[in-house]
Amino acid sequence: MSSSAESETPSFHGSEARNNLQTILQSCPKLAEVGDSNEYQNTVSELVNFLDFLLDAALSDPDNEHEENSAFEALTEIHQYIGSPSLDQEVVDALSFELPKAVSKFAGISRKFLDMAISIIDQFIVKCGPRDMLSILCDTLGYSSKVTNAASYIVPPLSGLSKVLISIRRRQFEQVKEAAPIILNVLKAVCLESEEEELDNVFDKAVGIANSIYEVCDKLDNAAREKLRALLGLYVLQCLALVSARIDYKASGCHSLVSQLSRISSYCGLSYLSLVTTYEAEALASTVFGENKDDCMGCLSHVNHGAALSVIWGHVSEEVAQAAKEDMIVVKDELRNNQIKRWQAIGALKHVLSFVSLPWELKKHTISFLLCITDGDIRGNCDDEHPQWPFYMPNLFSALQAVKMVIMYAPDPELRKNSFAVLKGVLADISISQRLDILEALITNTDSSSMIAILVDLVRREMHTEIYNSKSLVKDVQQINSNKHSNLSFWTPSILEFVERILRPPQGGPPSLPDQSDAVLSALNLYRFVLMTESTGKTNYTGVLSRSCLLKVYNEWLLPLRTLVTGIMAENKSDYDELAVDTVCTLNPLELVLYRCIELVEEKLKQVT
């Protein structure tokens with residue numbers, strides 16, 4: 001039965017499709033003799049349309065082996081045609097402009113189609129020369145935005161480019177400089193839009209290009225080599241960021257790609273310490289691309305991510321660290337012992353934590369690395385009033401924002417816990433005189449009530465530690481007021497302004513409840529702590545005990561809040577649906593602390609009247 005079916009299946013040889021292909025191919029040399037460029041273009045277009053027809057037939061019915069075999073036989077015949085020694089160079093040149101695009105579209109059907117597409121492009125590279133094919137293959141890559149399966153489509157031209165680059169003999173840096181942005185832009189677009197399983201071949205060829213540039217570097221003299229090494233470093237870091245974001249980090253293939261990129265990164269002089277402390281992607285891009293730097297920064301948008309990830313990969317894998325010729329113990333010790341470098345590293349690693357496309361596992365390792373360099377033992381290596389603090393503050397604040405987002409959104413409780421430890425460690429590395437400003441800024445830039453509550457509680461702990469340390473320095477509490485007041489950075493009137501922004505939001509009216517209940521409860525606890533501590537210690541650093549302040553708190557904060565809470569509780573106590581019960585349970589602890597604050601203020605008002 002099967003032999004009968006096979007005999008009935010038409011073969012490509014002798015078919016109408018093959019006859020059409022033969023007619024098109026046979027007309028090419030004749031047109032070369034006549035020299036009719038318009039007819040030439042029409043014939044090439046006819047060949048491309050013919051291949052598109054075969055491709056559509058093969059893709060529309062994947063189970064139809066005849067259509068697939070016909071397509072493959074057609075590509076085989078084209079391969080043989082281009083490889084013919086007697087084929088006129090003019091014909092090869094004309095076909096080279098369009099056929100790489102046409103044959104690359106077949107790469108997604110199967111491995112044999114991919115290999116055939118690569119082989120056809122290799123034929124063009126041999127016959128047309130590397131410099132001509134460099135621009136043709138870059139153009140082929142650019143066409144990827146117009147095809148359906150871009151991930152498989154770009155593999156043959158990437159493969160061709162890795163061979164073209166090592167074959168160029170003159171002006172290598174200039175040629176690579178022109179090609180690299182095109183390659184990286186296409187890689188970024190395809191990698192961030194394709195499925196993970198489609199990208200193994202893409203990254204394999206992308207790393208192949210890095211290896212080719214590496215080979216070219218070795219052949220150049222010093223000046224050209226340094227510029228090409230700088231460009232190679234940018235290329236490698238961009239690729240490493242894309243690999244990290246799109247390939248399962250536990251897969252052996254991912255580790256192999258990262259190891260190869262790390263080895264090349266080391267060759268480019270990019271040490272782990274330099275990558276997280278002094279590496280300047282824009283400065284290097286200016287060196288490489290000159291006046292065109294701004295035009296090229298789009299293709300380098302993840303270089304800083306790649307720089308930080310290089311170090312994290314060394315932390316994850318001993319194999320990767322060895323490929324980069326790095327000793328992670330030395331790296332961590334240097335960061336632990338040098339506050340400026342530690343600040344630089346913390347600022348650099350924010351790129352990993354804020355990279356949305358990155359898997360949580362790598363963010364978990366980043367938090368682990370940050371824990372290593374910010375734990376309690378570093379306090380002896382800190383300068384509480386470092387003169388360069390203003391320069392590093394924006395990056396440290398951005399890093400704290402990134403850590404905060406991990407605390408809020410990480411799916412793993414242990415990761416959230418460790419991220420909170422990092423948050424406290426980084427805050428401890430900041431001058432105490434600047435710490436309250438940083439915490440206030442974090443709260444201002446936070447919408448989550450629960451996160452605001454956590455940050456407010458950190459403020460309360462800082463105040464507790466500060467007053468405890470001050471008291472331990474002098475036995476007589478009264479002396480604190482005269483001798484130590486200037487050293488109490490948190491115990492100032494600004495702390496009440498801090499509380500007011502939560503209990504009486506700047507936009508007016510009381511806070512939104514129950515949505516902001518966690519933040520409000522934490523702010524009330526902070527106010528109660530300040531009021532009770534100042535009362536017990538017979539101090540008034542914050543002004544909390546002054547009559548005017550007590551009246552303002554009572555009339556403008558607490559009483560409007562009591563009215564709001566009482567009204568919400570009354571509305572929901574008689575209702576037994578789930579939302580009402582949740583609302584009452586949420587507001588119960590807040591109500592208790594609110595009434596205690598009211599009682600304390602009323603008592604103090606009686607005493608000062």
Item to complete: Test Tyr235 against Val303 for side-chain contact (heavy atoms from CB on, under 4.5 Å), laying out the working first.
Response: CA-CA 8 Å; Tyr235 178 90; Val303 167; over 6 Å; no
Worksheet item: Under the side chain to side chain donor-acceptor pair (under 3.5 Å) criterion, do Lys163 and Ser212 qualify, and how do the steps go?
Response: CA-CA 7 Å; Lys163 296 157 189 168; Ser212 294; over 6 Å; no
Worksheet item: Taking it one step at a time, do Leu232 and Val216 satisfy side-chain contact (heavy atoms from CB on, under 4.5 Å)?
Response: CA-CA 10 Å; Leu232 177 57; Val216 173; over 6 Å; no
Item to complete: Begin with the C-alpha distance, continue with both residues' side-chain angles, and end with the deciding distance and a verdict on side-chain contact (heavy atoms from CB on, under 4.5 Å) for Asn395 and Trp343.
Response: CA-CA 8 Å; Asn395 261 346; Trp343 283 351; over 6 Å; no
Item to complete: Kindly determine whether Asp93 and Cys128 satisfy side-chain contact (heavy atoms from CB on, under 4.5 Å), including the steps that lead there.
Response: CA-CA 7 Å; Asp93 291 342; Cys128 298; 3.7 Å; yes
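Under a cut-off of 6.0 angstrom, the local environment of CG in Asp447 is sparse, with at most 12 non-hydrogen atoms contributed by other residues, nucleotides or ligands. For Phe97, the CZ atom sits in a loose shell: 12 or fewer heavy atoms of surrounding residues, nucleotides or ligands are nearer than 6.0 Å. Heavy-atom neighbours of Glu174 CD from other residues, nucleotides or ligands within 6.0 Å: above the threshold of 12. Enclosure of atom CD in Glu196 by more than 12 non-hydrogen atoms of other residues, nucleotides or ligands within 6.0 angstrom is indicated. Crowding of Glu318 atom CD: a count of heavy atoms from other residues, nucleotides or ligands under 6.0 Å not exceeding 12.
Counting only heavy atoms from C-beta outward, the side chains of Leu21 and Leu51 never approach each other to under 4.5 Å. Counting heavy atoms from C-beta on, the side chains of Ile213 and Ile264 never come closer than 4.5 Å. In this structure, the side chains of Pro156 and Val103 stay at 4.5 Å or more apart for every pair of heavy atoms. Contact annotation: the side chain of Val92 approaches that of Phe124 to within less than 4.5 Å [non-hydrogen atoms, C-beta and beyond]. No side-chain heavy atom of Leu309 sits under 4.5 Å from any side-chain heavy atom of Val258. Using a 4.5 Å heavy-atom cutoff, the side chains of Phe397 and Asn445 are in contact. Leu187 is listed as a side-chain neighbour of Cys239, based on a closest heavy-atom distance under 4.5 Å. Ile24 is listed as a side-chain neighbour of Phe50, based on a closest heavy-atom distance under 4.5 Å.
Using a distance-only test at 3.5 Å, with no hydrogens or angles considered, a donor-acceptor pair links the side chain of Ser152 to the main chain of Asn149. No donor-acceptor distance shorter than 3.5 angstrom exists from the side chain of Ser159 to the backbone of Val155, with no hydrogens or angles considered. Not a single donor-acceptor pair under 3.5 Å links the side chain of Lys325 to the backbone N or O of Arg263. Using a distance-only test at 3.5 Å, with no hydrogens or angles considered, a donor-acceptor pair links the side chain of Lys188 to the main chain of Gly298. Side-chain atoms of Ser144 come within 3.5 Å of backbone atoms of Leu141 as a donor-acceptor pair (strictly under, hydrogens ignored). At least one donor-acceptor pair under 3.5 Å links the side chain of Gln238 to the backbone N or O of His302. Counting only distance, with no hydrogens or angles, the side chain of Arg170 and the backbone of Ile168 share no donor-acceptor pair below 3.5 Å.
For the pair Lys177 and Phe289, the cation-pi criterion (under 6.0 Å, within 45° of the ring axis) is not fulfilled. Relative to the six-membered ring of Phe203, Arg246 misses at least one condition, a distance below 6.0 Å or an angle of at most 45° to the axis.
In the model, Lys227 has no side-chain atom that pairs as donor or acceptor with a side-chain atom of Thr287 under 3.5 Å. In this model, no donor atom of one side chain and acceptor atom of the other lie less than 3.5 Å apart for Lys250 and His255. A donor-acceptor pair shorter than 3.5 Å can be found between the side chains of Gln401 and Lys404. No hydrogens or angles considered: a donor-acceptor pair under 3.5 Å links the side chains of Ser274 and Ser271.
In this structure, the separation between CD1 on Ile312 and OG on Ser317 is 13.0 Å, given to the nearest 0.5 Å. Taken to the nearest 0.5 Å, the CG atom of Leu353 stands 10.5 Å off from the CG atom of Leu400. With rounding to the nearest 0.5 Å, the separation of OG1 in Thr277 from CG in Asn338 is 9.0 Å. The CE atom of Met393 sits 9.5 Å away from atom OG of Ser398, with the distance rounded to the nearest 0.5 Å. One finds the CD1 atom of Ile166 at 13.5 Å from the OH atom of Tyr214 (value rounded to the nearest 0.5 Å).
With salt bridges taken as basic N to acidic carboxylate O contacts below 4.0 Å, none links Lys364 and Glu361. Between Asp115 and Arg111 there is a salt bridge, since a side-chain N of the basic residue sits under 4.0 Å from a carboxylate O of the acidic one. Between Arg18 and Glu73 there is no salt bridge, since none of the side-chain N atoms of the basic residue sits less than 4.0 Å from a carboxylate O of the acidic one.
Residues passing the side-chain hydrogen bond (donor to acceptor under 3.5 Å, both in side chains) test with Ser45: none are found, sequence neighbours excluded.
Using cut-offs of 30° and 60° on the angle between ring planes, the pair Tyr153 and Tyr143 is tilted.
Between Trp313 and His365, the gap from one ring centroid to the other reaches at least 6.0 Å.
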